[in-house]
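First comes the structure, then the notes that go with it.
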Amino acid sequence: MNRLIKRYKMQYHFNEIEAKWQKYWAENQTFKASNTSEKPKYYVLDMFPYPSGAGLHVGHPLGYIASDIYARYKRHKGFNVLHPQGYDSFGLPAEQYAIQTGQHPAVTTETNIKTYRRQLDQIGFSFDWSREVRTSSPEYYKWTQWIFIQLFESWYNNESNKAEEISSLIAVFASEGNANVNAVCDDNIEVFTAEAWNNFSQKEQEEILLKYRLTYLAETEVNWCPALGTVLANDEIVNGVSERGGHPVLRKKMTQWSMRISAYAERLLQGLDTIDWTDSLKESQRNWIGKSVGASVTFNVLDNNENKSHAELVEAPQQIEVFTTRPDTIFGVSFMTLAPEHELVSQITTPEQKAEVDAYILATAKRSERDRMADVKTISGAFTGAYAEHPFSKEPIPIWIGDYVLAGYGTGAVMSVPCGDQRDYDFAKHFNIAIPNIFEGVDISEEAYAAKDNVKIANSDFLNGMNYKKASKRAIYDLEQLGQGEGKTNYRLRDAVFSRQRYWGEPFPVYYVNGMPQMIDKAHLPITLPEVEKYLPTETGEPPLGRADVWAWDTVNNKVVSNVNLSAVEGEDNGIYPLELNTMPGWAGSSWYFFSYMEEKAKRGEDFASEDALNYWENVDLYIGGSEHATGHLLYSRFWTKFLKDRAFVGVDEPFKKLINQGMILGTSAFIYRVSDFICTSKTEGQIIKVNFLNSLIYISSSVLDNQEVAKNLFIKEVNKSNRDDDFKTVVSNINDFDISINVSAIHVKVQYVNASDELDIESLKSDAEFGADYKDAEFLLENGVYKVGREVEKMSKSKYNVVSPDAICEQYGADSLRLYEMFLGPLEQAKPWNTAGITGVHGFLKKLWKLYVGENGLNVTDVAATKDNLKTLHKTIKKVEEDIENFSFNTSVSTFMIAVNELTAQKCTSKEVLEPLLALVSPYAPHIAEELYSQLGNEGSIATVAFPKFDASHLVESSKNYPISFNGKMRFTIELPMDLSKDEIEKAVMSNEKTIAQLEGRTPKKVIVVPGKIVNIVG
RNA sequence: GCUCAAGUGGCGGAAUUGGUAGACGCGUCGGAUUCAAAAUCCGAUUCUUCGGAGUGCGGGUUCGAUUCCCGCCUUGAGUACCA
């Protein structure tokens, strides 16, 4: 009995060990970061999770485990590490749940966060929870609101190339007007003098300033999603439908807050060169920013328009401005195309063409964005009857409209060069417009020639004989001389719409006086979300906040008050005004949270973080998260960081120095196969008889799906049983003349009912609370007593019943096994399938590791000196693991640990001198077992900050080498030779070896290649 | 269409200043232990007509190519009438 107890005590009880050390870390605040330290700083950040109701599945922690290993490694390496975690807790699912159930989103969010915290804690992350942030907590979103106000109070000065306080702009307006202001602003700005400015009413001044502010209110065409009742940003739309839910999206004009991110387009592009991100991610951002260099060209519309008075024409000749990336092809222009929505269309269209043009515009307007996108092949358009004048040749150019020109890009008009652009070419062919060729020696009879290199310009007056580069430069120069164009750079990046018609988001710190937005003073923040009785839009189509009763701003008492007191209601100005009804989008809170972590929670009151904290932590050294945020979160965060830097609120220009995208973990779905029908094919006559068994409840093992014998037996049995008519009986009686194949339908089953060998646990399936009844009367056709399921790799999702929860894994194998296994699956950045069966490998490793230290009779570790082999194993492991961590190749270090433990076990190593440093190597990966063994070795405190072992190359020096001997590059055998032999000595030794002589069979080699320390290759 | 990434055993994957292809683990097979099972331990496991062949396919460079070059194919991700 005693022996049994002793034995139990000596075994690896991961549940007890893990609970013990998680408690220890929490009680001792082992991972609490300090803002002052002698050590160098290192900031490791995960993309914080949205706490969904479903909880975590094994795919979610992958990135957290990787970052945790790195954070723990850096602590061993002597860094002061900040490794925080929090929640991106505003968002759609909680709101939709609220709409369905009436449950307040704050309540569900709180519940979900508790689940997440429990799940995260059980995995043993070294997070500093004392710095937690939640985007939905008022203490946090107070500062999101504050940043919004700072954006409102800023404009972008192109001269200084940064954002400046709006007061500097007002000062310029008051002293010299706006003629010399070079700002990023709306494009419909009128020039005014200082005198005019000073005479404007306050409202007029506010209207003008709004056109300069970095966040501004404007009527814009937005992506309206009726099903969700809100607008969406461009990055929230995938393939023309909403990313969430897949609902249709329409274009609609609405007054919305926008962020002038376009001001930062060039800096966002340039900044990519200064950060360590993957090429593919940088490429995504470059594409999204979409810089194109070219020229803007102005075409004068020829006066054949009777709609216009003479006076109008003299005063302002109608002009069409276009953007082109190919000014070198200007002599190839044979027509112009305007977007159907272009504002000039109605003015220039001739009476004869009016009917056709109007019909076309109507037809285009009816087509949704998605139709237009789906159908890019059909060429359509209409002639306006008007002509423009070519700036150089002065020839008349017909003006068309066509929906292949987008109103939203460039100027919504193009100069069409059919010989150089395929779309222009197709359009010209379709409408029989001339296609002049301006390329030397190029055949354009079949298609346009779009390449710009290796071709010379022809038929182009002063551009003849030039290449693309030279001709472009010259064309721009001549256009400038004419005053009809200039070099120009265009960006695809649009300003970002910042209003959402939702409840569960940050309220704007904004109220309206006379329709003009006013910011609430910092001292009165946060403006907290009001209570509403329902989370839906109002009956009049206003956002959910329109339902709030207490949602007006009292400018006298500086607080939110009941709507009944509104000035408008009273009919006189009592200083109480309506508050903004929209809320901020999901990306608001996530665009600056990494700065919040830098400050200790208690000190986040006066500023969002103290200057000392911001200067100490600077920016995130390592950021790990999914690649789905490439053009959303990651771009907006860079934008806000650059803005905050311009205004000197932070000290860095880029938020994330190094970024790694972890790959998705895919699920391995399991299928059972229900027999639906049999196909009987006569071998002699080729006759095919199909027998339907739709109502059958027979499930056939995947291992016998193609087995003829099984199919025949099943067929006979079913025909006899079901009293089928004679045709089938004929088949039965001549069964050997037929091939029988079975058609099945594959049905997902829960993966937890399938074991490592793909065998289904039928009893458990039948007693499943949800689906058991479906299988109560089912017959399972087995092979050798087992039912084998089919397998397929799919995205892990509830509907595919392939979700694996970390809870069950931690329970059965422990957190250390989960951590090791997630890393062992494959390279961090790669997508890879999850297969729970494989975890026994790493779990077995941990047991072996344990046994290396703790035997049946207690601790195995002694003070005996390490052998040469022991030291060799240790140091080879140190070297490899260190390299692996630095390269984020975590999967290979798990293999390295396995090899080390296998070797040390075989060596019967008990030496503390080797086994103690090994624990520090394992500690980042499997921290619980490392802590426990470290303490069993008699150490006090945590292993977390123990120095990472130092590699000593002298232990790896070899005295001999097992040379691979190749013949014509193909390795045939090896010969053990001393390391210190010269080239000639090696060759002599190899050539006189009997295996070499046998392999050569008397031939004389042409050549012998000897690479000392590597290989010998014999040619001939 | 364009951009990027990737194709290696039954499976996840390892190996690149070019130098023993398949480390490590899963699965499978065989054995030990056990009344039996679980657990544990040991061995085998790319294919092969036993000559060899082999890292998606076809070429090339090289003494030698999974690794470098050219051309293709396939898969995945992103993006799309962007002038």
Side-chain angles (χ1 to χ4, degrees), chain A residues 11 238-240 278-284 286-288 290-292 294 322-326 329 336-337 339 372-373 375-379 402-406 408-417 420-424 426-427 450 490-493 627-628 630-631 661 663-664 668 756-758 791 793 820-821 824-827 829-845 847-848 851 889 891-900 902 962-974 1005-1011 1013-1020:
Chain A
Q11 278 169 359
V238 178
N239 295 326
T278 60
D279 287 336
S280 63
L281 194 57
K282 287 186 185 181
E283 201 59 28
S284 299
R286 285 193 190 104
N287 290 338
W288 194 259
K291 180 180 185 175
S292 49
V322 303
F323 174 76
T324 178
T325 53
R326 298 292 303 274
T329 64
M336 303 191 68
T337 316
R372 250 168 101 161
M373 273 171 55
D375 177 24
V376 297
K377 295 262 150 53
T378 317
I379 295 157
D403 69 358
Y404 80 98
V405 177
L406 304 177
Y409 182 75
T411 60
V414 300
M415 59 176 227
S416 303
V417 184
D421 183 288
Q422 194 57 42
R423 292 155 305 170
D424 294 346
D426 295 339
F427 195 87
N490 239 355
Y491 299 91
R492 196 170 71 100
L493 184 68
S627 57
E628 66 273 19
T631 50
N661 291 130
M664 203 196 307
T668 311
S757 312
D758 294 343
R791 291 287 202 176
V793 172
L820 280 176
Y821 189 51
F824 188 61
L825 280 179
E829 304 190 39
Q830 201 171 294
K832 47 215 172 267
W834 177 269
N835 176 13
T836 304
I839 201 169
T840 55
V842 292
H843 188 64
F845 156 73
K847 284 199 248 182
K848 243 173 164 172
K851 278 200 341 213
S889 175
N891 54 327
T892 49
S893 22
V894 179
S895 306
T896 305
F897 290 137
M898 290 174 171
I899 294 167
N902 288 345
N962 198 20
Y963 277 92
I965 311 300
S966 307
F967 290 80
N968 299 317
K970 196 88 202 161
M971 201 280 283
R972 295 301 171 195
F973 52 84
T974 59
K1006 285 195 202 116
K1007 208 174 183 182
V1008 179
I1009 309 282
V1010 177
V1011 184
K1014 290 239 160 143
I1015 199 170
V1016 176
N1017 189 17
I1018 298 165
V1019 187

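A note on names: the letters A, B, ... follow the listed sequences, proteins ahead of strands, and every chain is numbered from 1. Here the structure is a predicted model, which is why all the values come from computation and not from measurement.
- Among the atoms of the strands shown, none is found under 4.0 Å from any heavy atom of A:Ser416.
- By the rule that a glycosidic angle within 90° of 0 means syn, B:G51 counts as syn.
- A:Thr840 and A:Tyr821 share no side-chain donor-acceptor pair at under 3.5 Å.
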Could you run down nucleotides 17-23 of chain B 5' to 3' and tag each one B, S or - for protein heavy-atom contact under 4.0 Å? --BBS-B

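- A:Asn490 comes within contact range of no nucleotide atom at all, as no heavy-atom separation falls under 4.0 Å.
- Nucleotide B:G31 is shown with an anti base, its glycosidic torsion being more than 90° from 0.
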Could you go over nucleotides 38-40 of chain B and give all protein N or O partners under 3.5 Å, atom names and distances?
{"from": "B:U40", "atom 1": "OP1", "to": "A:Lys847", "atom 2": "NZ", "distance (Å)": "3.2"}

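- As the counterpart of B:U28, B:A44 is assigned, both hydrogen-bonding distances of the Watson-Crick or G-U wobble pattern falling under 3.5 Å.
- Residues A:Trp288 and A:Tyr491 place their aromatic rings such that the two centres sit no closer than 6.0 Å.
- Checking A:Ser416 against A:Thr337 by side-chain atom types alone, a donor-acceptor pair falls below 3.5 Å.
- Between the side chain of A:Asn835 and the backbone N or O of A:Gly838 there is no donor-acceptor pair closer than 3.5 Å.
- Checked against B:C24, B:U79, B:A83, the side chain of A:Met898 finds its nearest nucleotide in B:C24.
- With RNA chain B read from its 5' end, the first of the two nearest nucleotides for A:Gly410 and A:Gln830 is the one closest to A:Gln830.
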